[in-house]
Amino acid sequence: MEKPYDYLIVGAGLYGAVFAQQAKEAGQKCLVIDKRDHIAGNIYTEKVEGIDVHCYGAHIFHTNDQKVWSYVNRFTEFNRYTNSPVANYRGEIYNLPFNMNTFNKMWGVITPEQAQARIDEQRKAACITNPKNLEEQAISLAGTDIYEKLIKGYTQKQWGRPCSELPAFIIKRLPVRLIYDNNYFNALYQGIPVEGYTKMVENLLGDTEVRLNVDYLKQKTEFDKLADKIVYTGPIDAYFGYQLGALQYRSVRFETETLDMENYQGDAVVNYTDAETPYTRIIEHKHFTFGTQPKTVISREYSAEWKPGDEPYYPVNDEKNGALYQKYKALVNAEPNVIFGGRLGEYKYYDMDQVIEEALDVAKKELTRFWCGK
Ligand code: UDP
């Protein structure tokens with residue numbers, strides 16, 4: 001018997017919405033479902049006092065990929081926001097990412113040569129030649145002072161593990177630059193959707209049918225009857241009923257407050273890099289869109305180990321979890337009608353542009369056969 005939909009897309013986040021958009025364009029009928037009561041997954045934004053609040057943490061769109069940039073611009077207009085967060089270490093303010101402004105404040109150095117000499121001196125003193133973990137990588141890139149004041153406490157709070165037990169690649173996300181440039185990202189294109197991310201996802205979904213408040217895994221048998229193929233963007237271990245054990249995730253909790261003042265901290269993102277402050281950062285949402293509202297909304301971000309019932313945010317890409325993920329991935333071969341995608345489906349620390357790129361690639365491969373006749 002013919003099924004009512006060509007694709008069932010589980011998860012109305014960025015991956016699911018991009019896939020749905022591509023499938024629609026290829027003439028395929030999709031049903032998108034999500035267990036939350038809203039679309040857009042963790043990039044969901046909601047208006048409070050006229051301000052787009054990033055309800056699941058700050059999302060700043062940045063990419064080097066011209067194809068991805070052109071694609072997203074079909075669905076929303078971006079502003080010229082450039083991320084330039086500051087670090088607050090026990091009341092001392094430093095520019096991020098690590099650049100000449102940071103080095104000048106830290107050491108009083110003026111020239112790139114002086115800064116490099118300081119970093120080299122500290123790397124040598126720490127005897128690091130071949131960095132094996134985040135701690136060694138950080139010292140090797142930026143020196144011991146930067147590591148102690150701006151990386152160690154923050155990273156341990158964010159990941160709940162000592163830096164010596166974390167993979168080096170996490171810190172490589174942050175550029176170290178010997179120029180006076182506070183732009184956090186080395187990206188050609190950057191910005192925030194002027195109407196919020198929710199609107200962008202709404203535009204991607206267009207008139208595709210979306211059902212909210214439905215838990216796919218609880219009603220899997222019924223939902224599987226609705227479509228020939230499934231695109232699953234939830235946690236891969238949950239899909240397989242945790243049969244090989246649970247993958248670890250970091251979760252984040254937000255304490256959000258509306259304040260009766262125009263400007264609380266003068267920047268969208270302030271990181272608290274000491275170990276004692278219980279939160280990792282404070283987001284002041286209006287600065288993402290240069291808001292001039294009379295009030296302001298701030299969110300303190302607390303990081304925690306994920307436990308059942310919490311929202312998973314970050315995969316913990318250490319060796320143990322990497323090995324377990326590979327075992328789950330082997331089970332995927334037995335599910336030829338299911339595509340696993342996104343941060344949770346692929347257990348990967350993806351940025352938004354990478355999610356889009358991946359979804360577009362997978363959709364292209366999957367949907368070529370429908371394009372052929374067009
Ligand atoms: N990081 C840090 N100090 C900071 C900001 C970031 O040590 O002030 C490190 C930390 O290990 C973090 C990594 O850099 O996990 C990546 O930071 P990013 O801002 O890319 O993380 P995200 O915004 O995805 O949470």
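Atoms within each ligand, like the ligands themselves, are counted from 1 in listed order. Everything numeric here is computed off the predicted structure, so don't read it as measured data. Numbers here simply count residues along the sequence, with the first being 1.
Scored by the side-chain contact (heavy atoms from CB on, under 4.5 Å) test, L226 finds P4, Y5, L31, R211, F223 as partners (sequence neighbours excluded).
Here the options are L205, L14, T45, the test is side chain to side chain contact (heavy atoms under 4.5 Å, CB included), and the partner is M200; only L14 passes.
Judged as a side chain to side chain donor-acceptor pair (under 3.5 Å), the pairs with a partner in residues 326-341 (not counting sequence neighbours) are, in order, Y239-E335.
In summary, E305 and R161 engage in a salt bridge, as defined by a charged side-chain N under 4.0 Å from a carboxylate O.
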Side-chain donor-acceptor pairs of residues 178-191 under 3.5 Å, sequence neighbours excluded:
residue	atom	partner	partner atom	Å
Y180	OH	I110	O	2.7
D181	OD1	N183	N	2.9
N182	OD1	N99	ND2	3.0
N182	OD1	N101	ND2	2.9
N183	OD1	F185	N	3.1
N183	OD1	Q190	NE2	3.1
N183	ND2	F185	O	3.4
N186	OD1	R177	NE	3.1
N186	OD1	R177	NH2	3.1
Y189	OH	Q66	OE1	2.9
Q190	OE1	N83	N	2.7

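Contact annotation: the side chain of I339 approaches that of E366 to within less than 4.5 Å [non-hydrogen atoms, C-beta and beyond].
A heavy-atom cutoff of 4.0 Å around ligand 1 is satisfied by the protein residues L96, L150, I151, Y154, T155, Q158, W159, I170, I171, R173, L174, Y184, N271, T273, R281, Y314, Y349.
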